[in-house]
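Predicted model, so just to flag it, every value in this text is computed and none were measured. Each ligand, and each atom within it, is numbered from 1 in the order the structure gives.
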Amino acid sequence: MYDVVVVGGGPGGYAAALYAHNFGLSVALVEKGRIGGTCLLRGCIPAKAWLHTAEVYATVKRSGEFGVNSSEPSLDWPVALERKNQVVDGLVRGLSGLLGARNVDIKHGHGRLVDGGVAVTSPDGGDETLTARSVILATGSVPRSIPGYDFDGARIVSSDEALDWIAQPGRVAVIGAGAIGCEFASFLGDLGSEVHVFEMLDQILPGMEPEAAKVLGRKFRKSGVKARTGVAVGPPDFTDTGVRVPYGDDAVEVDVVLVATGRAPVTEGIGLEASGIATDRGFIPVDPATMQTTRPGVYAVGDIVAGTPQLAHVAFAEAIAAITHIADGSIASVDYNAVPIIVYTDPEVAAVGLTEAQARDRGYDVIVSDHGMRGIGRAIILGETGGTVKIVAERDGAILGATVADPAAGELIHELMYAVGWEALPEEAASFIHAHPTVSEAIGETLLSLAGRSLH
Ligand code: FAD
């Protein structure tokens, strides 16, 4: 009998299997495909590899501005695709080695919760039942489409296929301007594809600070990405030359449509009903302190959990919470108030905690401060002055949230993560000094003005 059987080898599942070694727990990890899950194989890592190719391309393209002459760059798509694959393969190899070194038994096959453990059906049809004291479900999510736009892998695709395009698409419609849609629009636009983004809500990056969304919107316009907000697309029309995507009284014709309108949990066929585990529109509600489902001894982590952000680092933290509870009953609950959310577009948009609108909706009397990058020496040196920092605090109280739009936002946001997580007061956070010249000084300036003073 295993102490823990984990179903699903993505960030939630593999993190649980790895972390269990801290407590000497015996673990089996059941994975029906390749170890790594969405994040390593079809998500975070390959998407960021493409974004980095676009960043290198864009840097070479504007090198003359910095006095470095080069010829106009040209893109070798197959080489970029191969590099992306090598990055993914290297990480998967490293992860497999780490799981082996931690004595995790990897079982290849489809796992299903049964009384006393998990039934595994291997690809060749063989069945095996793994008995377990506890089970962690980490079966993740898959792309979800919208009516009329069924994925066909060629003209209507999800991010799964788009990360493996063997040639650069000339004309692309991206439906949905959330993090995934905007990341694709960003790198495809920078690499020279004609990109049309459609978003039903009234801004790109819905739910994030409008000031930050505007920074990205300006960059989109500069690189020729046409982002249309507040529009719903009609059913597609397949023509000899492409796909017509209608919206309002107009339409655009593209070669391929990428639908990025959200992800559905993978919770069918994993034995939930028979085990009497409650679900909510396919997601699994859990006790947020322990990650336990409505059935004691069965835990859920990652993208299948109801009401928590679908992010790899959230899955890691939830796995730690579940294993800690399994090991000795103690609590290591996730602080969902201080989860950094990063959109790796150019420029990046990163946020933590509440936006101004969310804080007001929750009844806070808020104060807000923002600071652009225009006067920041390092940003001027880098030629990246379009960004902004915005911090929200409760009047006479703690910092509630922050957003940064800048090429380095994904790194910069972490100091604000501590401020939000530790409920720092603006004057406390402002009392620390930021090194000069750094882009982080914009955060220092914003904190100072939030504390009622200002320097520059
Ligand atoms: P998954 O990673 O989906 O893994 C689930 C695993 O379970 C899969 O390997 C699947 O094969 C397996 N499985 C399913 N059912 C069974 C079964 N019955 N038996 C056995 N195995 C099973 N997040 C970030 O934090 N940062 C990012 O930059 C980021 N970028 C992204 C970009 C894209 C394009 C996409 C699509 C997602 C991105 N995400 C990002 C989200 C991130 O990938 C997910 O939040 C994360 O992978 C969720 O981990 P998980 O373990 O819950 O599920």
Asker: Enumerate the atoms of ligand 1 whose separation from the nearest heavy atom of Gly140 is less than 4.0 angstrom.
Answerer: 1 (P), 3 (O), 5 (C), 52 (O), 53 (O)

Asker: What is the nearest protein non-hydrogen atom to atom 41 (C) of ligand 1, stated with its residue, atom name and distance?
Answerer: Gln310 O, 3.7 Å

Asker: Would Arg263 count as a contact residue for ligand 1, given that I'm defining contact as a non-hydrogen atom of the residue lying under 4.0 Å from a ligand atom?
Answerer: yes

Asker: For Arg144, look at atom CZ and say whether over 12 heavy atoms of other residues, nucleotides or ligands are found less than 6.0 Å away.
Answerer: yes

Asker: Closest heavy-atom contact between Leu188 and Trp165?
Answerer: CD1-CZ3, 3.9 Å

Asker: List the closest protein heavy-atom neighbour of atom 49 (O) of ligand 1: residue, atom name, distance to the nearest 0.1 Å.
Answerer: Pro11 CD, 3.3 Å

Asker: Does some side-chain heavy atom of Met373 sit less than 4.5 Å from a side-chain heavy atom of Val389?
Answerer: yes

Asker: Looking only at atom types and distance, does a side-chain atom of Gln203 sit under 3.5 Å from a main-chain N or O of Met208, one as donor and one as acceptor?
Answerer: yes

Asker: So if I count the atoms of ligand 1 from 1 in the order they appear, which ones are less than 4.0 Å from some heavy atom of Gly9?
Answerer: 6 (C), 7 (O)

Asker: How far is atom 11 (O) of ligand 1 from the closest protein heavy atom, and which atom is that?
Answerer: Glu31 OE2, 2.6 Å

Asker: Which ligand 1 atoms are under 4.0 Å away from a heavy-atom of Leu311?
Answerer: 23 (N), 24 (C), 25 (O), 45 (O)

Asker: Tell me which protein heavy atom sits closest to atom 3 (O) of ligand 1, plus the residue, atom name and distance to 0.1 Å.
Answerer: Thr38 OG1, 2.6 Å

Asker: Any chance you could measure Glu411, atom CD, to Asp406, atom CG, to the nearest 0.5 Å?
Answerer: 11.0 Å

Asker: Pick from Lys219, Arg62, Arg378: which one makes a salt bridge (charged side-chain N to carboxylate O under 4.0 Å, His left out) with Glu384?
Answerer: Arg62

Asker: So, taking the atom named OH in Tyr14 and the one named CG in Leu99, what distance separates them when rounded to the nearest 0.5 Å?
Answerer: 9.0 Å

Asker: Taking the minimum heavy-atom distance to atom 43 (O) of ligand 1, which of Cys39, Ala319, Gly36, Gly43 ranks first?
Answerer: Cys39

Asker: Under 4.0 Å, counting heavy atoms only: does Arg112 come that close to any atom of ligand 1?
Answerer: no

Asker: Is Asp303 touching ligand 1 with its side chain, its backbone, both, or neither, if touching means heavy atoms under 4.0 Å apart?
Answerer: both

Asker: Just going by heavy-atom distances, which of Gly33, Gly111, Gly8 is nearest to atom 19 (N) of ligand 1?
Answerer: Gly111

Asker: Where's the contact between Tyr344 and ligand 1, heavy-atom distance under 4.0 Å: side chain, backbone, both or neither?
Answerer: side chain

Asker: Checking a contact table here: which protein heavy atom is nearest atom 21 (N) of ligand 1, and how many Å away?
Answerer: Lys32 N, 3.1 Å

Asker: Of the protein's non-hydrogen atoms, which lies at the shortest distance from atom 51 (O) of ligand 1, and what is that distance?
Answerer: Gly12 N, 2.9 Å

Asker: Evaluate whether atom CG of Asp152 has more than 12 neighbouring non-hydrogen atoms of other residues, nucleotides or ligands under 6.0 angstrom away.
Answerer: yes

Asker: At under 4.0 Å between heavy atoms, is it the side chain or the backbone of Glu183 that contacts ligand 1, or both, or neither?
Answerer: neither

Asker: When you measure from the side chain of His21 to the backbone N and O of Ala17, does any donor-acceptor pair fall under 3.5 Å?
Answerer: no

Asker: Evaluating non-hydrogen atoms only, which member of Pro46, Ala179, Cys44 is closest to atom 39 (N) of ligand 1?
Answerer: Cys44

Asker: Around atom CD of Glu273, are there more than 12 heavy atoms of other residues, nucleotides or ligands at under 6.0 Å?
Answerer: no

Asker: Taking 4.0 angstrom as the limit and counting only heavy atoms of His313, give me the atoms of ligand 1 inside it, by number and element.
Answerer: 25 (O)

Asker: For atom 16 (C) of ligand 1, what's the nearest protein heavy atom and its distance?
Answerer: Thr139 CG2, 3.6 Å

Asker: At a 4.0 Å threshold, what atoms of ligand 1 neighbour a non-hydrogen atom of Val30?
Answerer: 20 (C), 21 (N)

Asker: Report the part of Leu41 in contact with ligand 1, treating N, CA, C, O as backbone and CB onward as side chain, heavy atoms under 4.0 Å; options are side chain, backbone, both, neither.
Answerer: neither

Asker: To the nearest 0.5 Å, tell me how far Asp370 CG sits from Glu211 CD.
Answerer: 6.0 Å

Asker: I need the contact type for Ile270 against ligand 1. Using non-hydrogen atoms and a strict under-4.0 Å cut-off, is it side chain, backbone, both or neither?
Answerer: side chain

Asker: How far is atom 4 (O) of ligand 1 from the closest protein heavy atom, and which atom is that?
Answerer: Gly10 CA, 3.5 Å

Asker: When rounded to the nearest 0.5 angstrom, what distance separates CD1 in Ile323 from CG in Leu25?
Answerer: 6.0 Å

Asker: Do you know which two heavy atoms are closest between Ala359 and Val392, and how far apart they sit?
Answerer: CB-CG1, 4.1 Å

Asker: Please tell me if the side chains of Ile156 and Phe238 come closer than 4.5 Å, counting only heavy atoms from C-beta onward.
Answerer: yes

Asker: Should you measure from each heavy atom of Ala138, which atoms of ligand 1 turn up under 4.0 Å away?
Answerer: 5 (C), 6 (C), 7 (O)

Asker: Under 4.0 Å from a heavy atom of Arg42: give me the atoms of ligand 1 that qualify, with their elements.
Answerer: 34 (C), 36 (C)

Asker: Would you find more than 12 non-hydrogen atoms of other residues, nucleotides or ligands less than 6.0 Å from Asp361 atom CG?
Answerer: yes

Asker: Evaluate Ala312 for polar contact with ligand 1, using N/O atom pairs at a separation under 3.5 Å.
Answerer: yes

Asker: Determine whether more than 12 heavy atoms belonging to other residues, nucleotides or ligands lie under 6.0 Å from atom NZ of Lys214.
Answerer: no

Asker: As an exercise, identify every atom of ligand 1 less than 4.0 angstrom from a heavy atom of Lys48.
Answerer: 27 (C), 28 (O), 29 (C), 30 (N)

